[in-house]
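A quick write-up on the structure given underneath.
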Amino acid sequence: MNGENKHLTHDNPFLPEPARIVRTYYLTEDVKFFQVRIVDMEKAHSFNYRPGQFAMISVVGAGEAPFSISSTPSRPGLLEFCIRKAGAVTNALFRMKENDLIGFRGPYGNGVPVEKMKDKDIIIVVGGLGAAPLRSVLLYSLDNRDQFRRISLLHGAKKPAEMIFREEFFALKQREDLECHLVVDEDDTGTWTENIGVVTTLFSLLKEIDPVNTYALVCGPPIMYKFVIKELVKLNIPKDQILMTLERRMKCGVGKCGHCAIDYIYTCLDGPVFTYWDVIHMRELI
Amino acid sequence: MRIIKLKKDNLSPFLEIISVEADLWAPVQKGDKHVFKVVDDFSKVELNTTRTILPPRKIFLPPTFSMFNISEKGYKEDLSHIKKRILFGIHPCDIHGLLILDNLFKQAYLDPYYLEARKNTLILGLSCWPDEYCFAKSTNTHIIEEGFDLFFTDLKDFFLVWIGSSQGDDLIRLKPELFDENLTDKDIQTYINWHTERDKAYKWSINFTVLPDLIELKYMDPLWEKLGNSCLACGSCTNVCPTCNCYNIMDKQFLGGKDGKMIRHWDACTLEEYSEVAGGENFRKKRSDRLKLWYTHKLQAYISKYGKPSCVGCGRCIATCPVDINVRTVGKALLGEEEDAFWVRLNMEVTK
Ligand SMILES: Cc1cc2nc3c(=O)[nH]c(=O)nc-3n(C[C@H](O)[C@H](O)[C@H](O)COP(=O)(O)OP(=O)(O)OC[C@H]3O[C@@H](n4cnc5c(N)ncnc54)[C@H](O)[C@@H]3O)c2cc1C
Ligand code: SF4
Ligand code: SF4
Ligand code: FES
């Protein structure tokens, strides 16, 4: 159980904190990027979180929903989210404009154990919207580049137009200290210069790895996990060094509403980041 | 703990005095069943009840209540439904139920709605006598040593009263002359006899210690499919269980205006939409999977975290489920003790 995450400064952990949308634009046809700032300046600047944690975002009248924080704590002040249109809350968010107010509370969940990953190699495997939480880890590790050894990113999307943070990742390809492989299931543009296929095909492009000293992080649609994990286990990466972030329905984020429960764990407190070893022991996890 | 004596006839005057400054909730008759209600006519308070229809949880977390008032200025905490209360007539199993909810609503983050209501409610427990559904002795929740301000054991002509907190003592001091500090040997013997007889009065029992392992060993057993086929997914078992805590949240806007409320209402994991996520993915689409969650939580998961089941043996699920799926039948099915007749009946007809 994770007791160290405290809500902002309120006594009421359910109370949304006003936050302002600083910037918002479309990343793909149905995913929008949001940059927000907590209105209270002191809180905005003292707000700290861990890559892989999430926040509850609310729109008056529409409700509240959990979203991964896509920005990195190494760049404080602003928080970033990428949000797919799915229903009531997300539709309301899509209608909001720059300078509008939303409710925000968090950070919640365990996040990624970045301390344990120090002086290790990192492989990040992303499918689709899985980029939302893992971009935070990627940017964090690049901002603290000397703390980590090799960093590799394997990123897959259905089509070029559906690749979230496409420009950002193309720019990262130029970096010498990052191994970045992008892939799409199919190229409907005829202009795609990167790989074509499913994300698992990218494993053959990885240079020789040092499995015992490697942490792998996976986030993507449910079906992706099975195939990717198989590859990672084949590479002999220890099961407790394969991390994945999982989605469950969440209504409170603070271990009260019961929606995210699996066996004796609460995904919102004990997750959403789990190791493959955890997953083997918890039947319903994936 | 200090124990004093109260004559039966002195109960009503005592309740009357203490209810001046707080709402007194107590069990009263409703049809042929009982419910917790605010009472002002103390002759209506029922002393010989078994379980109430809904558990006392409804007093601390009403089926729906407002968490925040929402206006253009933002969210304002709404604790307006929380009042000073005295809850009289709550049985040991239900007090244990509250202690279980305490654990959940205190884990990692404090739930101000529940805890504020808890802080404002004095608990005046009352002893009980089991009927054919009760099995609190199997869960060791038929007696209670903590979690009350006063506890009344009903010994026919008088009560023995345990004073569990200084607030409880304050209530006594409102009219100490109603009570008697001096217990005779005969009083004590009466209590011993009551205790022995009551222990013998439990009509059925179940071995909880083996159930966590059986949940594990029989996780893929076809018994779950059979149960799932019959479950109506009505959520009644959840509504009546004193240890179920799940809820949902929604925003409610007032007509015409920007103002509204954030509403919190009871939810149930046996309902289909409970585990659905964006994109229509549902991790527990099958009723059998949702029943597994319910029973895994009660009989295994809570034990691995807190060392005891999150079932207090109140028998409400037994009295309530329209198709006879409950801790008794599921427990016995896991133990392989359920008779063929149950399975036949289960997959054929509504039993209640
Ligand atoms: C830890 C975590 C991190 C997430 N991160 C992101 C992210 O970075 N970007 C993103 O776009 N989405 C993310 N999601 C999913 C996001 O929470 C849902 O898309 C959102 O709740 C849908 O809300 P809605 O009101 O728009 O949809 P609704 O109108 O509520 O319903 C639309 C669909 O969403 C499902 N749903 C409702 N509530 C939830 C919920 N709390 N969690 C999951 N599904 C739900 C419904 O069952 C329905 O299928 C994350 C979910 C979790 C649990
Ligand atoms: S087990 Fe019984 S009470 Fe519970 S949801 Fe199913 S039919 Fe309803
Ligand atoms: S599972 Fe049934 S018997 Fe046990 S506490 Fe809940 S309602 Fe009572
Ligand atoms: S989201 Fe409510 S308990 Fe985890």
Side-chain angles (χ1 to χ4, degrees), chain A residues 1-7 10-18 39 56 58-66 84-90 92 101 103 105 108 129 221-222 246-266 268-270 283-286, chain B residues 67-68 70-77 79 104-114 116 215-216 219-220 238 244-253 258-260 262 264 267-269 273-284 289 292-293 296-297 300-306:
Chain A
M1 186 167 68
N2 189 321
E4 62 184 342
N5 301 319
K6 288 277 141 42
H7 51 86
H10 299 297
D11 290 323
N12 188 326
F14 304 104
L15 181 67
E17 178 74 29
V39 172
M56 297 296 289
S58 49
V59 180
V60 169
E64 208 174 27
R84 169 173 286 154
K85 207 179 203 170
V89 176
T90 46
L101 284 177
R105 59 186 179 91
Y108 297 130
L129 202 57
L246 300 181
E247 189 180 321
R248 275 293 177 283
R249 196 180 175 94
M250 292 184 186
K251 285 291 165 187
C252 72
V254 291
K256 306 287 173 252
C257 76
H259 278 269
C260 69
I262 311 168
D263 282 8
Y264 56 90
I265 62 142
Y266 287 84
C268 67
L269 298 176
D270 308 300
R283 275 163 310 230
E284 288 189 291
L285 222 42
I286 53 175
Chain B
M67 299 174 78
F68 295 103
I70 311 172
S71 71
E72 273 171 47
K73 284 190 230 120
Y75 295 81
K76 197 160 181 306
E77 186 178 63
L79 296 172
L104 295 169
F105 289 118
K106 280 183 190 164
Q107 72 173 347
Y109 296 85
L110 303 179
D111 184 332
Y113 301 95
Y114 175 79
E116 204 54 32
I215 293 241
E216 191 66 44
Y219 201 77
M220 300 313 283
T238 301
C244 277
N245 64 301
C246 293
Y247 67 83
N248 208 338
I249 302 179
M250 59 177 185
D251 273 18
K252 203 167 133 184
Q253 268 179 302
K258 273 203 159 175
D259 297 355
M262 192 190 279
R264 170 162 161 180
D267 199 357
C269 65
E273 62 277 20
Y274 185 82
S275 301
E276 198 177 279
V277 299
E281 183 88 17
N282 192 331
F283 297 93
R284 299 185 190 101
D289 287 341
K292 273 189 210 177
L293 175 70
T296 306
H297 177 82
Q300 184 194 46
Y302 191 86
I303 303 182
S304 58
K305 210 154 165 174
Y306 295 104

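We name chains A, B, ... by the order of the sequence lines, and we start the count at 1 in each one.
With contacts defined as side-chain heavy-atom distances shorter than 4.5 Å, the pair A:Pro18/B:Tyr75 does not qualify. Side-chain contact between B:Met67 and A:Leu15 is absent, with no heavy-atom pair separated by less than 4.5 Å.
With a 6.0 Å cutoff to the six-membered ring centre and a 45° limit on the axis angle, B:Arg264 counts as a cation-pi contact of A:Phe14.
The contact between B:Tyr113 and chain A is made entirely by side chain atoms (from C-beta outward), counting heavy-atom distances below 4.5 Å. Heavy-atom distances place the backbone of B:Lys106, and not its side chain, under 4.5 Å from chain A. With a threshold of 4.5 angstrom between heavy atoms, A:Ala65 does not approach chain B through any atom at all. Heavy atoms closer than 4.5 Å to chain A are found in the side chain of B:Ile70, but not in its backbone. Both the backbone and the side chain of B:Phe105 come within less than 4.5 Å of a heavy atom of chain A.
Separating the CE atom in B:Met250 from the NZ atom in A:Lys251 is a distance of 11.0 Å, to the nearest 0.5 Å. One finds the CG atom of A:Asn12 at 11.5 Å from the NZ atom of B:Lys76 (value rounded to the nearest 0.5 Å). Taken to the nearest 0.5 Å, the OG1 atom of B:Thr296 stands 12.0 Å off from the CD1 atom of A:Ile262.
Contact detail for A:Tyr266 and B:Lys305: the closest heavy-atom pair is CD1-NZ, 3.9 Å. The heavy-atom pair separating B:Tyr109 from A:Leu269 by the smallest distance is CE1-CD2, 3.8 Å. Closest heavy-atom contact between A:Ala62 and B:Asp251: N-OD2, 3.8 Å.
Among the candidates B:Ile249, B:Asn245, B:Asp111, the residue making the largest number of heavy-atom pairs closer than 4.5 Å to chain A is B:Asp111. Top candidate by heavy-atom pairs under 4.5 Å with chain A, chosen from B:Ile303, B:Leu104, B:Asn248, is B:Asn248.
A donor-acceptor pair is defined here as one N or O able to donate and one able to accept, closer than 3.5 Å; no such pair exists between the side chain of A:Lys256 and the backbone of B:Cys246. At distances below 3.5 Å, at least one donor-acceptor pair connects side-chain atoms of B:Gln107 with backbone N or O atoms of A:Gly255. With hydrogens and angles disregarded, no donor-acceptor distance shorter than 3.5 Å links the side chain of A:His259 to the backbone of B:Cys269.
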